[in-house]
Amino acid sequence: MSAELAESGAAEPVLGADDPPPFDCLNGAAPAPYVLVCDHASNRIPGPLDRLGLDDAALGRHIAIDIGAGDLTRALSERLKAPAIVATYSRLVIDNNRYLHDPTSVPEISDGTVIPGNRGLAPIDLEARRDRLFRPYHAALDTALDEMVARVPLPGLVSIHSFTPFFKGIERPWHAGLLWNRDRRLVRPLYDALAANRGVIVGENVPYSARDPYGYTVAEHADVHDRPNILIEMRQDLIDTHQGIETWTEILGDALERALADDGLYQGETP
């Protein structure tokens, strides 16, 4: 914090005059009874934060963005005629899928890389990021889901992420992972629909598990409300090109259409 701001008790600015809002709302009036969400869609850093002291190479890595996930979410929103909430800033500024008390919410180190702009943040600056980025993003998602309640008692939530093809030198063979914690209503139909495609390797709770106590978005917007939900992890090398996005928009879009077609899901009926 600058000396002037510190003396006045004011936080450093988070967003500049030319910076966009912390989320994009897509297809808000679309008829689907579920919302798509992408927490880590961008590697953008707000202007006043001066790239957090990072170079292009660092900001192009998974530590800053779920590569391909944002483009895939936008394409699926069009394909499925579904509303979507898409984050517009990097997870390194504040992670939309972490609880605010989690030390990885605003990481000082990520996958061995020091994040200079996050080191030694004053509490007032940390709270400013929460107020300007995290809370508005989740309020937008709340609004999108709440507006659906007039049509369906239990609107669904589909969260899109991506993972690296290798981790610590070990190959990850899955094309897609389906993560779930309390709710299994979408897992089996989506698994079967994806696995029906020859050569597609899909797994449950891989390469991460939704049963780990880290994720915020699905837990707080879906699980606690008993809303049908799924978190989809796509392997990054499959969706890092326009062709890859087109291919997987078709494959995943077809599978989601089949899995989400049961109207009973949104009425609280057990399949």
Side-chain angles (χ1 to χ4, degrees), residues 20-44 65-91 96-97 133 136-152 154-163 175-179 185-186 189-190 193-194 197 215-218 220-222 225 227-236 238-263 265-266:
F23 56 86
D24 282 338
C25 291
L26 310 176
N27 287 332
Y34 53 87
V35 177
L36 306 176
V37 64
C38 189
D39 297 323
H40 304 144
S42 175
N43 63 355
R44 183 177 184 132
I65 181 175
D66 274 6
I67 294 167
D71 289 339
L72 181 62
T73 303
R74 293 173 185 276
L76 286 170
S77 176
E78 289 298 319
R79 166 76 165 74
L80 299 170
K81 301 296 184 289
I85 303 296
V86 179
T88 52
Y89 290 101
S90 173
R91 68 201 303 171
N96 288 314
N97 196 36
L133 303 177
Y137 173 80
H138 286 286
L141 182 53
D142 272 332
T143 297
L145 289 163
D146 289 345
E147 287 177 350
M148 284 187 177
V149 173
R151 292 190 285 121
V152 292
L154 296 175
L157 184 64
V158 178
S159 181
I160 307 293
H161 291 254
S162 70
F163 64 93
H175 297 110
L178 307 181
L179 277 59
R185 284 170 287 188
L186 289 175
L190 186 54
L194 284 171
N197 294 274
Y216 178 93
T217 300
V218 169
E220 294 299 320
H221 292 280
H225 301 285
R227 293 166 175 162
N229 65 82
I230 195 74
L231 189 155
I232 302 171
E233 286 275 2
M234 289 296 308
R235 207 175 71 204
Q236 288 176 357
L238 302 175
I239 55 171
D240 61 357
T241 64
H242 291 301
Q243 182 178 356
I245 293 294
E246 289 180 3
T247 297
W248 281 93
T249 297
E250 181 177 353
I251 294 172
L252 188 54
D254 286 349
L256 283 167
E257 275 191 335
R258 291 171 57 185
L260 295 163
D262 181 4
D263 290 339
L265 284 169
Y266 317 107

Is there side-chain contact between [X] and [Y], with heavy atoms separated by less than 4.5 Å?
X	Y	answer
His225	Leu154	no
Gln236	Phe163	no
Pro20	Arg44	yes
Ile230	Ser159	no
Ile232	Leu256	yes
Leu80	Tyr34	yes
Arg151	Tyr266	no
Tyr137	Val37	yes

To the nearest 0.5 Å, what is the distance between [atom1] on [X] and [atom2] on [Y]?
X	Y	atom1	atom2	value
Ile67	Leu238	CD1	CG	12.0 Å
Glu233	Ser162	CD	OG	7.0 Å
Asp71	Ile160	CG	CD1	12.5 Å
Asp39	Thr217	CG	OG1	3.5 Å
Cys38	His161	SG	NE2	6.5 Å
Leu157	Leu231	CG	CG	8.5 Å

>> Heavy-atom count check: over 12 atoms from other residues, nucleotides or ligands less than 6.0 Å from Glu257 CD?
In response: yes

Is it the case that the side chain of [X] and the backbone of [Y] share a donor-acceptor pair, with hydrogens and angles ignored and the cut-off at 3.5 Å?
X	Y	value
Ser77	Thr73	no
Thr88	Pro21	yes
Arg91	Asn97	no

> Taking it one step at a time, do Lys81 and Asn27 satisfy side-chain contact (heavy atoms from CB on, under 4.5 Å)?
Replying inline: CA-CA 7 Å; Lys81 301 296 184 289; Asn27 287 332; 5.7 Å; no

Contact summary for [X] and [Y], nearest pair of heavy atoms:
X	Y	answer
Cys25	Ile85	SG-CD1, 3.4 Å
Ala69	Ile239	N-CD1, 3.9 Å
Ala32	Pro83	O-CD, 4.2 Å
Pro22	Pro136	CG-CB, 3.9 Å
Leu265	Pro228	O-CG, 3.7 Å

>> According to salt bridge (Lys or Arg N to Asp or Glu O under 4.0 Å), who are the partners of Asp146, at least two apart in sequence or on a separate chain?
In response: Arg227

>> Checking Asp254 now: which residues fulfil salt bridge (Lys or Arg N to Asp or Glu O under 4.0 Å) with it, not counting sequence neighbours?
In response: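 Salt bridge (Lys or Arg N to Asp or Glu O under 4.0 Å) list for Asp254, sorted by chain: Arg79.
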
>> Please evaluate residues Leu179 and Val218 with respect to the criterion side-chain contact (heavy atoms from CB on, under 4.5 Å), reporting the C-alpha separation (whole Å), side-chain torsions for both, the decisive distance (0.1 Å), and the verdict.
In response: CA-CA 10 Å; Leu179 277 59; Val218 169; over 6 Å; no

>> Checking side-chain polar atoms at under 3.5 Å, does His40 have a donor or acceptor matched by the opposite partner on Asn96?
In response: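 Not at all, the side chains of His40 and Asn96 share no donor-acceptor pair under 3.5 Å.
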
> Is a salt bridge present between Asp24 and Arg74, judged by a nitrogen-to-oxygen distance below 4.0 Å?
Replying inline: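 Counted as a salt bridge, because a side-chain N and a carboxylate O are separated by less than 4.0 Å.
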
